[in-house]
**Q** 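Before I ask anything, here is the structure I am working with.
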There are 2 protein chains.
Amino acid sequence: MANIRDVANHAGVSVSSVSNVLNGRTNQMRPETLARIRQSMRDLNYLPNRVAQQLKTGQARMIGLLVPSIVNPSFAMLTREVDRVAKANQYRVLLGNTYRQEDEEKAFLEDMFAHGVKGVIVVATAMDRPHFANAARHGMVMVNYDSLMSVHAPDGNPPFDSVSMDNVEAGRLAAEHLIERGCRQLVFVTEATQLPSRLHKIEGFYSAVNRHGLQESAQVIEGKAGEAYGDAEMTELGRSLAAKVLEQSPRPDGIVAINDAMGIGLMAGLRSAGIRIPQDMSVIGIDNIPLADLVQPPMSSVMPPLADMVTMMVDRLLTRIENPDLTPEEFLFVPKLISRQSVIEKGEP
Amino acid sequence: MANIRDVANHAGVSVSSVSNVLNGRTNQMRPETLARIRQSMRDLNYLPNRVAQQLKTGQARMIGLLVPSIVNPSFAMLTREVDRVAKANQYRVLLGNTYRQEDEEKAFLEDMFAHGVKGVIVVATAMDRPHFANAARHGMVMVNYDSLMSVHAPDGNPPFDSVSMDNVEAGRLAAEHLIERGCRQLVFVTEATQLPSRLHKIEGFYSAVNRHGLQESAQVIEGKAGEAYGDAEMTELGRSLAAKVLEQSPRPDGIVAINDAMGIGLMAGLRSAGIRIPQDMSVIGIDNIPLADLVQPPMSSVMPPLADMVTMMVDRLLTRIENPDLTPEEFLFVPKLISRQSVIEKGEP
DNA sequence: TTGAAAGCGTTACCAC
DNA sequence: GTGGTAACGCTTTCAA
């Protein structure tokens, strides 16, 4: 591999001049010198050594992406978007799976320090764990995806940048849609662990229910998923919660599932129990994973504007790497209803 | 961040000594010196700077993973395994999505060179594209996953290391299973693009069919998927191929799908047409993605021993980084049948 | 407009 | 056993 010195020799200039063109400082440069250097780079097939650049500048041109599990389709979609936006900014993505394990998170952050990575996108995890604050104190910039924190610092500022779907709005949208289509006995089905995003969805659900005076007949049904992650557990939980839903009397006619994986499991469970969807019961999920469109019937869902959210996250990350003193902010994105066939048509019996 | 010099000062030794303990050259060292250095590292919260190590040694402790699309669940599972095994070897994973685009592949390889990454796992893509040979010539070590090449160099050696499921065996296993369960009108459903892995599966399918004298009634049905990747397209294609399957007369009673995504789409399409699975028709996929267990009925499939395959790939990669002159080899792994409910029980009508 | 040289944090060779 | 130091490839300040 040719290095900057080879290029300089080949072009008959000094290393500095080559470095100048690498870094866009070509305004003061005689055009023919510039041309000669460019040509030499091409001749020698020169690729600047990022490692050396990095050692010098401290800039890694890599960002970390820490997800609970890449096997979860929501996070896989997110990862693809992050890769896309990072690439557009000439960055590459270092991936880490944590399975929500604290020591995996810690090890990942340490490796990011060691590799000179300055920015990490942290997905849907408990940001109040001390190693995050610790990493921040040592200059790691982090943006959180989808776990808005409830506790803020005494100055009223959130501790980290955070990008989320407006979960209240998501829950509201889902419930409104069911009500608008004629459902009156509403249920919100969720996993028992109380994450902020989940509480917000429930809040939105109730705001729609109350607005229509349906609070008497609405309720939340929850179950506890196993340890592991991936969506298999979530789907299984959904399947098992079908029984609980069917115990209710009067029988519910509209169900909001906390996420698509749960909704899909629920539909499977209901169908095994002889329930027709959407004729007997309507189901809507939240997240809009590709699978929602592949099950029978295709499941309606509430979709976060993923591309915009990821663009914001990467922008924020790169901006704050430049300017670490920006006060953290929380960004909320408005979700959209995706109507498929798991919710009854208006006027359908 | 403390550096090696800080540690040396704090411990009252030279940088070299600290470096020696970093690199395990402690045999000659006075135990108390060693202890003092270790203590200083802890006191200062020292993390060796991998970037500097890398600049010096050329060793990145990162491997690249190039997949068509992380959104495809097979590749997501693969990625998780690669992350796991890499971590066990103190490596991190740089991820790239190519959407099977040549320029994305090229850009990724260039970035790997620039970042000092010496080894890349290349997934399921046309390894005969010239930039791969080119990268190899410049010292990049690559292991291919799941696209055994048909053309070998004149010396009889394959051009790259390659780790694959035994696709012939996979196709054979799937067909044998259907036959064993009583199916007689067999169809193999596939995407039209001829990848080596696909041809091998078809070959295995026919070997089983021939062995049982069913060649007259067996056939391959194919359709062309759109540009994009991800499994949505594959699933859609499966759904649309249901019609083609139903056109056949006599009607098929056992179907092997080239992969699970296609099989799931196919089952959906067949069901919409009123076919009961497995009573009217049996379906088996290949790959065993998590989703196979979540659809209705859960789909039987042929499972590659993913963990073993990934361990082999990473081992090979790290070994060849050390010793680039090893001649490339091809490794084949025997798949296993996973029986679920999409294939008729023996003796069932 | 171009060049010389110091320095980023580490390794490894060679002295002592 | 331990320490001094050149070198990895680049950026950037300062001088010419």
Side-chain angles (χ1 to χ4, degrees), chain A residues 1-38 40-41 44-62 90 110-111 113-118 138-139, chain B residues 1-38 40-41 44-62 90 110-111 113-118 138-139:
Chain A
M1 293 265 89
N3 65 27
I4 199 172
R5 211 150 25 230
D6 300 331
V7 176
N9 289 339
H10 187 277
V13 297
S14 78
V15 188
S16 332
S17 296
V18 180
S19 174
N20 283 334
V21 0
L22 282 184
N23 294 280
R25 286 184 290 270
T26 61
N27 8 344
Q28 318 260 54
M29 192 174 273
R30 200 178 299 149
E32 60 211 62
T33 313
L34 176 57
R36 206 141 32 86
I37 294 175
R38 288 245 163 86
S40 298
M41 288 179 170
L44 300 178
N45 232 302
Y46 173 66
L47 277 181
N49 181 326
R50 297 242 178 247
V51 177
Q53 292 182 323
Q54 192 179 331
L55 180 59
K56 190 65 199 170
T57 62
Q59 265 295 345
R61 295 228 151 249
M62 293 190 286
Q90 318 254 57
E110 283 182 2
D111 278 12
F113 276 113
H115 281 295
V117 173
K118 288 281 192 299
H138 287 76
Chain B
M1 295 264 87
N3 65 24
I4 198 172
R5 212 146 25 226
D6 300 330
V7 175
N9 290 338
H10 186 276
V13 298
S14 77
V15 214
S16 326
S17 295
V18 181
S19 175
N20 281 336
V21 0
L22 282 182
N23 294 280
R25 287 184 289 270
T26 61
N27 8 344
Q28 317 259 55
M29 192 174 273
R30 199 179 299 149
E32 61 213 61
T33 314
L34 175 58
R36 208 144 28 87
I37 294 176
R38 288 244 164 86
S40 298
M41 288 180 170
L44 300 178
N45 232 301
Y46 172 68
L47 277 180
N49 182 325
R50 298 246 179 242
V51 177
Q53 292 183 321
Q54 192 180 333
L55 179 59
K56 191 63 197 170
T57 63
Q59 264 297 344
R61 295 228 151 247
M62 292 190 287
Q90 317 254 56
E110 283 182 2
D111 278 13
F113 276 113
H115 282 296
V117 173
K118 289 281 192 297
H138 287 77

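Below, chains carry the letters A, B, ... as their sequence lines are ordered, and counting in each starts from 1.
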**Q** With a 4.0 Å cut-off on heavy atoms, is A/V13 in touch with a base, just the backbone sugar-phosphate, or nothing at all?
**A**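 The answer is sugar-phosphate, as A/V13 gets under 4.0 Å only of primed atoms, P, OP1 or OP2.
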**Q** Taking the minimum atom-to-atom distance to the side chain of A/S19, which one of C/dT2, D/dT12, D/dG9 wins?
**A**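 The nucleotide sitting nearest to the side chain is D/dT12.
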**Q** Measure from CG on A/L55 to P on D/dC8 and round the result to the nearest Å.
**A**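 Distance, rounded to whole Å: 14 Å.
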**Q** Indicate, yes or no, whether a donor-acceptor pair under 3.5 Å links the base of C/dG7 to the side chain of A/K56.
**A**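 It does, because a donor-acceptor pair links the side chain of A/K56 to the base of C/dG7 below 3.5 Å.
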**Q** Between D/dG9, D/dT11, C/dT11, which one does the side chain of B/T57 approach most closely?
**A**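 In terms of side-chain proximity for B/T57, the closest of D/dG9, D/dT11, C/dT11 is C/dT11.
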**Q** What is the distance, rounded to the nearest whole Å, between atom OH of A/Y46 and atom P of D/dG9?
**A**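 It works out to 10 Å between those atoms.
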**Q** Quick one: do B/M41 and B/L22 satisfy side-chain contact (heavy atoms from CB on, under 4.5 Å)? Show the steps, please.
**A** CA-CA 10 Å; B/M41 288 180 170; B/L22 282 182; 3.7 Å; yes
**Q** Distance check needed: D/dT11 P versus A/Q53 CD, whole Å only.
**A**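 After rounding, the reported distance stands at 4 Å.
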**Q** Go nucleotide by nucleotide along DNA chain D from the 5' end; which of B/S14 and B/A52 gets its closest nucleotide reached first?
**A**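 It is B/S14, whose closest nucleotide lies nearer the 5' terminus.
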**Q** Compare the minimum distances between each of C/dT1, C/dA12, C/dG9 and the side chain of A/Q28, then state the nucleotide with the smallest one.
**A**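 Side chain of A/Q28 sits closest to C/dT1.
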**Q** Any side-chain N or O of A/T33 less than 4.0 Å from the OP1 or OP2 oxygen of C/dT1?
**A**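 Indeed not, no polar side-chain atom of A/T33 lies that close.
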**Q** For C/dA12 and B/R25 - does any side-chain N or O of the residue sit under 4.0 Å from the phosphate oxygens OP1/OP2?
**A**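 Checking C/dA12 against B/R25, a side-chain N or O does come within under 4.0 Å of OP1 or OP2.
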**Q** Has B/Q54 got a side-chain N or O lying under 4.0 Å from the OP1 or OP2 atom of C/dT10?
**A**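 Looking at the OP1 and OP2 atoms of C/dT10, neither is under 4.0 Å from any side-chain N or O of B/Q54.
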**Q** Using whole Å, what does the distance between atom P of nucleotide D/dT12 and atom CD of A/Q59 come to?
**A**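 It works out to 11 Å between those atoms.
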**Q** Evaluate side-chain contact (heavy atoms from CB on, under 4.5 Å) for B/M62 paired with A/M62, printing each intermediate quantity in order.
**A** CA-CA 12 Å; B/M62 292 190 287; A/M62 293 190 286; 4.0 Å; yes
**Q** For the side chain of B/V15, starting at C-beta, report the closest nucleotide among D/dC10, C/dC8, C/dT11.
**A**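 For B/V15, the side-chain atoms sit closest to C/dT11.
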**Q** What verdict does the side-chain contact (heavy atoms from CB on, under 4.5 Å) test give for B/T33 and B/I37, after you've listed the backbone C-alpha separation in whole Å, the side-chain angles of each residue and the deciding distance to 0.1 Å?
**A** CA-CA 6 Å; B/T33 314; B/I37 294 176; 4.1 Å; yes
**Q** Look at the side-chain N and O atoms of B/N49 and state whether any lies under 4.0 Å from the OP1 or OP2 oxygen of C/dG9.
**A**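 Answer is no, no contact under 4.0 Å.
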**Q** Please determine if a side-chain N or O atom of B/N23 lies less than 4.0 Å away from the OP1 or OP2 oxygen of C/dT11.
**A**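 Yes, because at least one side-chain N or O of B/N23 sits under 4.0 Å from OP1 or OP2 of C/dT11.
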**Q** Report the distance from atom CD1 of A/I4 to atom C1' of C/dA6, rounded to the nearest whole Å.
**A**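 From A/I4 CD1 to C/dA6 C1': 15 Å.
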**Q** Base, sugar-phosphate or nothing for B/S17? Non-hydrogen atoms, less than 4.0 Å.
**A**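 Sugar-phosphate only.
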**Q** Enumerate donor-acceptor pairs with a distance under 3.5 Å from any side-chain N or O in residues 24-31 of chain B to protein atoms, sequence neighbours excluded.
**A**
| from | atom 1 | to | atom 2 | distance (Å) |
| --- | --- | --- | --- | --- |
| B/R25 | NE | B/N20 | OD1 | 3.0 |

**Q** Would you kindly give the CZ-to-C1' distance between A/R50 and D/dG9, to the nearest whole Å?
**A**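 Spelled out: CZ on A/R50 to C1' on D/dG9 is 13 Å.
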**Q** By the 4.0 Å heavy-atom rule, please label A/S16 as base, sugar-phosphate, or nothing.
**A**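 If one applies the 4.0 Å heavy-atom cut-off, A/S16 turns out to touch a base.
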**Q** Enter the distance from A/E110:CD to B/R50:CZ here, rounded to the nearest 0.5 Å.
**A**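 Taking CD in A/E110 and CZ in B/R50, the distance rounds to 10.5 Å.
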**Q** From B/N45 CG over to B/S40 OG, what is the distance, rounded to the nearest 0.5 angstrom?
**A**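 Going from CG on B/N45 over to OG on B/S40, the span is 12.5 Å.
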**Q** When the distance from CG of A/N3 to P of D/dT11 is rounded to whole Å, what number comes out?
**A**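 One finds 12 Å between P of D/dT11 and CG of A/N3, rounded.
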**Q** Between C/dT10 atom P and A/H115 atom NE2, what is the distance in whole Å?
**A**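 From A/H115 NE2 to C/dT10 P: 14 Å.
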